[in-house]
Amino acid sequence: MAPSAHPSSSPLLTSKEEEKYADVKWDELEFALVPTDYMYVAKYKQGESFSEGEIVPYGDISISPCAGILNYGQGLFEGLKAYRTEDGRITLFRPDENALRMQTGADRLCMTPPSPDQFVEAVKQTVLANNKWVPPPGKGALYIRPLLIGTGAILGVASAPEYTFLIYTSPVGNYHKASSGLNLKVDDKHRRAHSGGTGGVKSCTNYSPVVKSLIEAKSSVFSDVLFLDAATGKNIEEISTCNIFILKGNIVSTPPTSGTILPGITRKSISELARDIGYQIQERNVSVDELLEAEEVFCTGTAMVLKAVETVTFHDKKIKYKTGEEALSTKLHLMLTNIQTGVVEDHKGWMVDI
Ligand code: COI
């Protein structure tokens with residue numbers, strides 16, 4: 001259930017601090033929409049450049065029934081987070097990476113994207129306008145959702161004549177409620193992406209096809225679903241909303257981003273952190289057999305952050321993995337979140353102050 005606004009603020013906040021916060025039960029945040037005050041909107045019309053964009057009150061938008069996004073799914077989204085630090089700053093985690101990924105996705109879907117500078121500036125403006133919705137330090141983050149969608153009317157299959165770049169936000173907590181690790185089901189029936197398709201970009205169309213698997217899995221004992229490659233059905237690819245890693249010995253392996261797997265920004269950051277503490281990182285095909293023999297399995301994503309996998313079930317086999325204090329996943333989670341929340345100094349140049 002989404003947290004509701006409430007008349008008296010958290011007892012943890014002093015009266016002066018209350019003024020800078022929206023009326024939210026910060027301790028009850030989940031990954032569910034809590035609408036904030038403002039959103040950013042810019043438009044592109046064929047033959048012109050992107051409009052400057054403006055911050056407007058958050059609310060419904062009006063588009064043609066014939067819009068490219070509604071009829072042919074011409075749309076991309078991004079996801080990134082803003083954090084409030086103990087010393088009072090609001091920071092963004094690697095927004096430039098999201099800006100670049102939108103460029104790649106726009107090329108695949110034949111849309112003109114905003115420039116990386118416009119993207120990052122727009123994200124900053126949107127967060128500033130909604131700054132009282134950035135949770136107190138350690139209570140979660142403000143999730144930022146940039147969209148690039150074909151809003152122009154188009155009947156034949158083609159690129160829409162107008163695109164809208166829109167950013168809205170929502171304070172969020174953990175993607176999965178349970179503090180324990182995930183219980184994954186390997187889906188050997190549905191495929192998420194195929195070679196030459198759009199699995200490697202953040203197309204809106206990549207996500208609703210996973211819902212059927214998720215519903216099936218969650219109606220049983222599972223928390224999420226792991227998809228296999230479409231070509232052979234032998235290698236692991238992605239979980240419904242995030243990337244996957246396995247650990248065996250000193251080697252951390254993750255499937256390569258060669259077209260069917262989203263190049264996750266958390267994936268890239270975790271690989272770097274694991275390398276920093278002496279692990280070897282291999283980006284290569286990882287078979288289901290190897291998955292079942294791994295010591296640890298974990299997944300990464302902006303919404304998910306880093307989550308340990310407790311069990312994987314493939315047909316009639318159920319494997320249990322190492323989780324908890326001593327696990328690499330716990331160590332990497334702490335390293336990443338300490339940087340993101342300003343608990344340790346960011347020597348990577350990943351955090352951007354607003
Ligand atoms: C993100 O981690 O930002 C995602 O895109 C996941 C989302 C589909 C919930």
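No hydrogens, no waters, no symmetry mates; every other heavy atom, side chains included, goes into these values. Ligands are counted one by one from 1 in listed order, and the atoms in each one are counted from 1 as well.
Side-chain atoms of Asn243 come within 3.5 Å of backbone N or O of Leu262 as a donor-acceptor pair. Between the Arg84 side chain and the Val134 main chain, a donor and an acceptor come within less than 3.5 Å of each other.
Heavy-atom proximity to Tyr175, at under 4.0 Å, picks out these atoms of ligand 1: 9 (C). Here is the list of ligand 1 atoms found below 4.0 Å of a heavy atom in Gly79: 3 (O). Within ligand 1, the atoms closer than 4.0 Å to a non-hydrogen atom of Phe77 are 5 (O), 8 (C), numbered from 1 in the order shown.
Ring geometry for Phe245 against Phe298 counts as parallel: the plane angle stays under 30°, on a 0 to 90° scale with 60° as the upper cut. Ring geometry for Tyr44 versus Tyr163: interplanar angle under 30°, hence parallel rather than tilted (30 to 60°).
Residue contacts with ligand 1, taken as heavy atom pairs separated by less than 4.0 Å, do not involve Lys81 at all.
The shortest non-hydrogen separation linking Ala32 to Ser170 is O-OG, 3.4 Å.
Given atom 2 (O) of ligand 1, the protein heavy atom at minimum distance is Ala303 N, 2.7 Å. Here the protein heavy atom with the shortest distance to atom 1 (C) of ligand 1 is Tyr143 OH, 3.4 Å. Among all non-hydrogen protein atoms, the one lying nearest atom 4 (C) of ligand 1 is Lys202 NZ, 3.6 Å. Here the protein heavy atom with the shortest distance to atom 7 (C) of ligand 1 is Arg145 NH2, 3.7 Å.
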Thr254 vs Glu283, side chain to side chain donor-acceptor pair (under 3.5 Å): CA-CA, chis, key distance, verdict
CA-CA 5 Å; Thr254 190; Glu283 292 199 20; over 6 Å; no

